[in-house]
Amino acid sequence: MPTPSTANNSIMTALEQFEATEANLIKLERLWDQMAEMIPTGVTFGENVEYEDRARSFDILLASLPKIGGWKPTATPPDLDGLAQSRLDAMEIDEPSAHVSVERWIEEPGRELRKYRFRLNNMRKALIRDALVGLIDQIDADIRTVRAGVGPDADPRQQIERDVWNAIRERMKQIEVLLGSSVKPARWSDMMRHMHFGYVGDLHDIEAMDWPDVKNTLRKGLYGVNEAVPVQVEDLSALVAARPTGPITTALAWSKIDDQAFERLIFTLISDTPGYENPEWLMQTRAPDKGRDLSVMRVIQDELSGTLRLRVVIQCKHWTSRSVSLSEVSSTKDQMALWPNPRVDVLIIATSGRFTADAVTWIEQHNANGASPRIEMWPESHLERLLAARPAIIAEFGLRGH
């Protein structure tokens, strides 16, 4: 089967192939359901012209499916006379396993189609991942732009110009194209409805409820929360029986991941930790090292004074060969003053390296003076302590050295 030319290596070209594949898969699934209803439940010999014609169509459609990871379905609907003979043979043997074997043979086409559907969905997720991340980041930025134009104290009943929503609406449509037949997030229609009405109150709902839910659902599907982490041993009891000894290594192999994976690790950390909500990538704040800031709300619960929410911005620096200097800390802090409302309350600099002595002294004095924003240092030693209590993240990103 011909493959798309590398000269036309666009995501839409790839999506067209996925959509054509899914169209044929849907036809196969529907055809199999129809044929399954036509299969007799007992021993019945004789021809069924309608069944035979559908079996021929099944073979043609099956041949059209491309392989996924080197595999595609091969099971075809059973010949009815052959099925009757197999059931008759099973009756003569009169053992449960013989009857089970025949029935499983009958159901094999349906099982293989379900397996193919599963693989197709996973492969589509891998295809759209980068594009979806970019659209999520852009919608985050668009919503902040809308909020900056409206202001924090606008009347909820004030109408926002419809043109303001155009960029967000277009990106939402692009996400719909990427998702295809996948189930959309629960609050998807709520967000579209609020954009349609377009009042300041609708913007509040989008910021507080709709987009956080939509974004969280989309992000959870990005990296396959049910994908297995490779395990090198068949039986864990064998490891225990060997009574292993040796030094306990606390250092993590930061060099095994790249800048993007480091950002995703920090994002995973703040997403899965209680007390943090609405994490997002800030796509328009790429630092000179091409890193992106992360933003999250830190929620502090106090039984006497209520709930306090602090806006936290995290700058990720995947540096393994140099330390974060005083000049870099100072310039990063100055950038925070340029951020629109809500203001930045806490600046975290997370690095897989360390901080220079001058930088540490300056940060400690800055915080002691009560200056804003408060600056927190997350060097490699701090991250290693955080991740020690979260071994699943260590395994997910393959940070153990060998």
Side-chain angles (χ1 to χ4, degrees), residues 137 140-141 144 250-273 275-300 308-340 342-390 393-394 397 399:
D137 290 348
D140 275 333
R144 287 193 297 272
T250 58
L252 299 177
W254 295 110
S255 61
K256 297 179 70 173
I257 61 175
D258 59 16
D259 295 352
Q260 186 176 14
F262 182 72
E263 291 174 1
R264 186 158 62 88
L265 182 148
I266 301 298
F267 187 87
T268 300
L269 182 63
I270 61 177
S271 298
D272 294 343
T273 300
Y276 290 84
E277 64 182 21
N278 196 26
E280 60 185 68
W281 267 289
L282 305 176
M283 65 164 291
Q284 83 282 19
T285 60
R286 286 192 173 274
D289 60 356
K290 299 184 179 180
R292 291 182 298 178
D293 293 342
L294 307 178
S295 175
V296 69
M297 298 302 292
R298 179 182 287 173
V299 183
I300 301 174
L308 175 65
R309 283 180 167 81
L310 302 177
R311 187 187 187 195
V312 179
V313 167
I314 306 173
Q315 187 168 94
C316 301
K317 296 184 179 295
H318 181 43
W319 295 351
T320 57
S321 59
R322 65 189 179 102
S323 300
V324 180
S325 69
L326 169 57
S327 62
E328 288 158 340
V329 172
S330 178
S331 62
T332 301
K333 189 271 295 184
D334 292 340
Q335 292 171 13
M336 295 302 103
L338 304 177
W339 279 99
R343 71 171 191 175
V344 177
D345 299 299
V346 180
L347 167 64
I348 296 174
I349 301 177
T351 176
S352 52
R354 302 177 182 179
F355 291 80
T356 65
D358 288 345
V360 173
T361 300
W362 189 90
I363 290 172
E364 290 176 345
Q365 186 62 51
H366 170 86
N367 291 336
N369 293 337
S372 181
R374 176 178 174 80
I375 301 175
E376 297 181 6
M377 296 174 285
W378 286 11
E380 59 170 342
S381 57
H382 181 74
L383 291 176
E384 286 164 358
R385 288 196 300 272
L386 294 178
L387 295 176
R390 299 165 175 84
I393 297 180
I394 294 176
F397 288 85
L399 290 176

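Just so you know, these numbers come straight off a predicted model, no measurement behind them. The analysis underlying the following values was restricted to heavy atoms, covering all of them including side chains, and did not include hydrogens, waters or symmetry mates.
In this structure a side-chain-to-backbone donor-acceptor pair under 3.5 Å is present from Glu328 to Ser325. With hydrogens and angles disregarded, no donor-acceptor distance shorter than 3.5 Å links the side chain of Glu280 to the backbone of Leu294. Remark: side-chain polar atoms of Asn369 are not paired, donor with acceptor, to backbone N or O of Ala371 under 3.5 angstrom. Using a distance-only test at 3.5 Å, with no hydrogens or angles considered, a donor-acceptor pair links the side chain of Ser271 to the main chain of Phe267. Put simply, the side chain of Arg374 never gets that close to the backbone of Gly370: no donor and acceptor are under 3.5 Å apart.
Under the side chain to side chain donor-acceptor pair (under 3.5 Å) criterion, Asn278 pairs with Lys215, not counting sequence neighbours. With sequence neighbours excluded, the residues satisfying side chain to side chain donor-acceptor pair (under 3.5 Å) with Ser352 are His318. With sequence neighbours left out, Arg354 forms a side chain to side chain donor-acceptor pair (under 3.5 Å) with Glu380.
Considering Ile300, Val299, Asp345 in turn, Val299 is the only one that fulfils the side-chain contact (heavy atoms from CB on, under 4.5 Å) rule with Arg309.
Under the 30°/60° scheme for interplanar angles, the aromatic rings of His382 and Trp378 are found to be tilted.
In this structure, CE in Met336 is found 5.5 Å from CG in Leu347, a value given to the nearest 0.5 Å. Residue Ile348 holds its CD1 atom at 11.0 Å from CD1 of Ile375, rounded to the nearest 0.5 Å.
Nearest heavy atoms, Phe262 versus Thr351: CZ-C, 3.9 Å.
Between Gln335 and Lys333, the side chains place no donor N or O within less than 3.5 Å of an acceptor N or O (distance only, hydrogens not considered). Looking only at atom types and distance, the side chain of Gln315 has a donor-acceptor partner in the side chain of Thr332 under 3.5 Å away.
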